[in-house]
Protein chains: 2
Amino acid sequence: MKTTGRRFKTAIFEQFTRIGKAIASPVRLELLDLLAQGPRHVEALAAAANVAIANASQHLQVLRAARLVETEKSGLYVTYRLADPAVAEFVRQLRLLAERRLAEIERTTRQFLESRGGFEAVDRQELLQRVKSGEVTVLDVRPTEEFEEAHLPGAISIPMAELEARMAELPKNREVVAYCRGPYCVLAIEAVQRLRARGFRAVRLDWGVVDWRANGLSVKRGKAAASVG
Amino acid sequence: MKTTGRRFKTAIFEQFTRIGKAIASPVRLELLDLLAQGPRHVEALAAAANVAIANASQHLQVLRAARLVETEKSGLYVTYRLADPAVAEFVRQLRLLAERRLAEIERTTRQFLESRGGFEAVDRQELLQRVKSGEVTVLDVRPTEEFEEAHLPGAISIPMAELEARMAELPKNREVVAYCRGPYCVLAIEAVQRLRARGFRAVRLDWGVVDWRANGLSVKRGKAAASVG
DNA sequence: CTAGTATTCAATTGAATTATTGATTACTCC
DNA sequence: GGAGTAATCAATAATTCAATTGAATACTAG
């Protein structure tokens with residue numbers, strides 16, 4: 001009797017550990033973070049996470065074995081996607097817990113931001129207020145597919161790679177608020193640097209769509225509007 | 001430039017992974033589950049999780065290195081406790097995600113319950129209603145320290161080890177609702193079996209105090225009331 | 001059918017993790 | 001001080017994990 005109860009408990013905790021092990025690798029966490037932006041091919045994921053394709057493929061299979069992601073094959077390509085929006089939310093909870101518990105994260109982030117030109121702290125609530133009221137230009141610097149998957153209402157899509165060339169599309173007199181995938185995505189940081197170098201008033205919003213959704217804010221799907229004021 | 005951004009990202013994801021690795025072991029998850037009930041000595045944790053003391057000690061140190069638990073030394077004993085209520089909530093989120101994603105968990109649980117005499121499904125909401133209205137006897141079968149740390153208001157504390165001897169304390173004509181640490185704690189299951197064998201109407205409530213708290217229900221601290229009707 | 005491409009597979013290597021054992025430390029009580 | 005005890009440490013062997021490499025698979029396009 002004692003032992004069947006113990007066996008049961010062990011079996012259950014081993015199941016929980018399937019999820020735990022799946023998120024116990026920096027590469028896999030980054031892949032999940034990318035997949036939280038929308039479905040992607042293996043090659044694109046490997047490139048974005050800066051790992052070899054075979055390596056990415058293996059990590060993705062680990063995630064699939066833990067049922068955190070699903071695949072769909074169409075032609076040559078295999079599309080990976082999160083199996084459940086709850087997975088993105090769980091990864092976000094992990095991030096929040098880590099931020100809360102590990103002082104190293106804040107320290108590393110501050111150091112990095114300072115090395116990038118000493119960014120001032122902008123109050124997030126006030127910034128969100130300005131975003132919602134429409135008094136600033138909201139700029140999404142993620143790749144087009146991610147923008148189309150989900151973006152802030154009213155945001156303009158200029159992928160980072162095209163920013164220099166397309167900066168003229170932005171109204172010069174309004175403040176620009178740039179965002180990308182979340183607090184640890186470096187695209188928006190770089191965008192702000194470049195915008196400032198070209199005379200724009202620009203600040204970064206350190207939330208991504210997963211954060212908006214979790215905070216009950218609306219998110220839009222679909223292509224960008226044809227033209228920008 | 002490209003590389004400093006990459007280094008930053010890698011450093012951050014490695015930090016997240018500290019938490020991920022900490023929960024990537026069945027033993028550590030069980031230790032966290034136990035600590036969610038309240039602070040404990042190493043020896044007690046090792047016994048409850050059914051591992052050697054040295055082994056438990058090492059796992060606890062891993063959890064401490066990830067800042068999920070804290071220690072306090074008093075005399076010969078070292079007391080471990082969760083570093084933050086958010087840790088218990090995170091472990092609960094992991095459990096919920098695992099239940100949602102891994103069909104094996106439900107299957108294993110059903111098999112175990114059937115082997116224990118085919119427990120009928122009781123609707124949890126209805127059960128909670130009966131618990132709140134006070135029309136049933138609520139029985140907490142966890143060890144006394146855990147009861148004193150936090151329990152359902154109105155619950156009677158009879159640790160599992162004492163149940164046979166103290167069953168007479170329970171009113172015979174009222175239905176008994178037994179609970180312990182959560183859905184995968186076997187104490188309440190065994191309690192219901194024994195109560196029924198002795199002629200009680202008894203059912204199990206598969207929530208623990210962490211679940212109550214997360215669902216906004218009140219939880220009491222302190223010793224048991226002196227006597228029971 | 002052939003060339004080309006995205007992905008996976010299989011094998012290898014080195015590193016990290018786990019449980020176990022016995023010794024050691026740090027403390028209490030007598 | 002000395003016996004006894006809770007916890008940790010240090011060393012080990014077994015296992016698992018991660019990244020790399022090159023080959024194999026499965027599909028498309030011509």
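What you see is a predicted model; the values in this text were computed from it and never measured. First the proteins, then the strands, lettered A, B, ... as listed; each starts at 1.
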Counting side-chain heavy atoms from CB outward, which of C:dT18, C:dT8, C:dA19 is closest to B:N55? C:dA19
For a quick test of reading the model: is some side-chain N or O of A:Q61 closer than 4.0 Å to OP1 or OP2 of C:dT7? no
Let me know, please, whether A:V27 or B:I53 comes out on the 5' side of the other along DNA chain D by nearest nucleotide. B:I53
Answer yes when A:D33 and A:R181 have at least one side-chain N-carboxylate O distance shorter than 4.0 Å, and no when they do not. no
For atom NZ of A:K21 and atom C1' of D:dT15, their distance in whole Å: 10 Å
I'd like to know if the side chain of B:Q15 reaches the main chain of A:E104, judged simply by a donor and an acceptor atom lying under 3.5 Å from each other, with no hydrogens or angles considered. no
Interatomic distance, A:N50 CG vs D:dT20 C1' [rounded to whole Å]: 15 Å
Using heavy-atom distances to pick each residue's nearest nucleotide on DNA chain D, tell me which of A:S74 and B:H41 is more 5'. B:H41
How are the rings of A:F16 and A:F13 set relative to one another: parallel (under 30°), tilted (30 to 60°) or perpendicular (over 60°)? perpendicular
Expressed as a whole number of angstroms, how long is the span from A:E30:CD to D:dA18:C1'? 16 Å
Among C:dT18, D:dA7, C:dT8, which is the nearest nucleotide to the side chain of B:R28? C:dT18
Under 3.5 Å, is there a donor-acceptor pair linking the side chains of B:R64 and B:T71? yes
C:dT18, D:dA6, D:dT20: which one has an atom nearest the side-chain heavy atoms of B:E43? D:dA6
Starting from P on C:dT18, measure out to CG on B:L63 and report it in whole angstrom. 10 Å
Interatomic distance, B:L76 CG vs C:dC30 P [rounded to whole Å]: 13 Å
Determine whether B:E99 and B:Y184 satisfy the following criterion, side chain to side chain donor-acceptor pair (under 3.5 Å), listing intermediate values before the conclusion. CA-CA 11 Å; B:E99 286 169 350; B:Y184 306 105; 2.5 Å; yes
Given B:E149, B:E148, B:H151, the one that forms side-chain hydrogen bond (donor to acceptor under 3.5 Å, both in side chains) with B:R221: B:E149
Between B:H59 and C:dT17, is there a side-chain N or O to OP1/OP2 distance below 4.0 Å? no
Please list, for nucleotides 10-13 of chain D, all pairs of protein and nucleotide N/O atoms separated by less than 3.5 Å.
unit_1	atom_1	unit_2	atom_2	d
D:dA10	N6	B:Q58	OE1	3.2

State whether A:S57 places a side-chain N or O below 4.0 Å from either non-bridging phosphate oxygen (OP1 or OP2) of C:dT8. yes
CD1 of A:I23 versus C1' of D:dC17: gap in Å, rounded? 16 Å
Is any side-chain nitrogen or oxygen of A:Y80 closer than 4.0 Å to OP1 or OP2 of C:dT8? yes
With side chain to side chain donor-acceptor pair (under 3.5 Å) as the test, would you mind laying out the steps for B:R28 and A:T17 before giving the verdict? CA-CA 9 Å; B:R28 288 197 290 271; A:T17 308; over 6 Å; no
Hey, does A:V51 reach any base, or is it just sugar-phosphate, or nothing, if we go heavy atoms under 4.0 Å? nothing
Between the side chain of B:D84 and the main-chain N/O of B:A86, is any donor-acceptor distance below 3.5 Å? yes
Provide, to the nearest angstrom, the distance between the OH atom belonging to A:Y77 and the C1' atom belonging to D:dA29. 12 Å
To the nearest Å, give me how far apart NZ (A:K73) and C1' (C:dT8) are. 9 Å
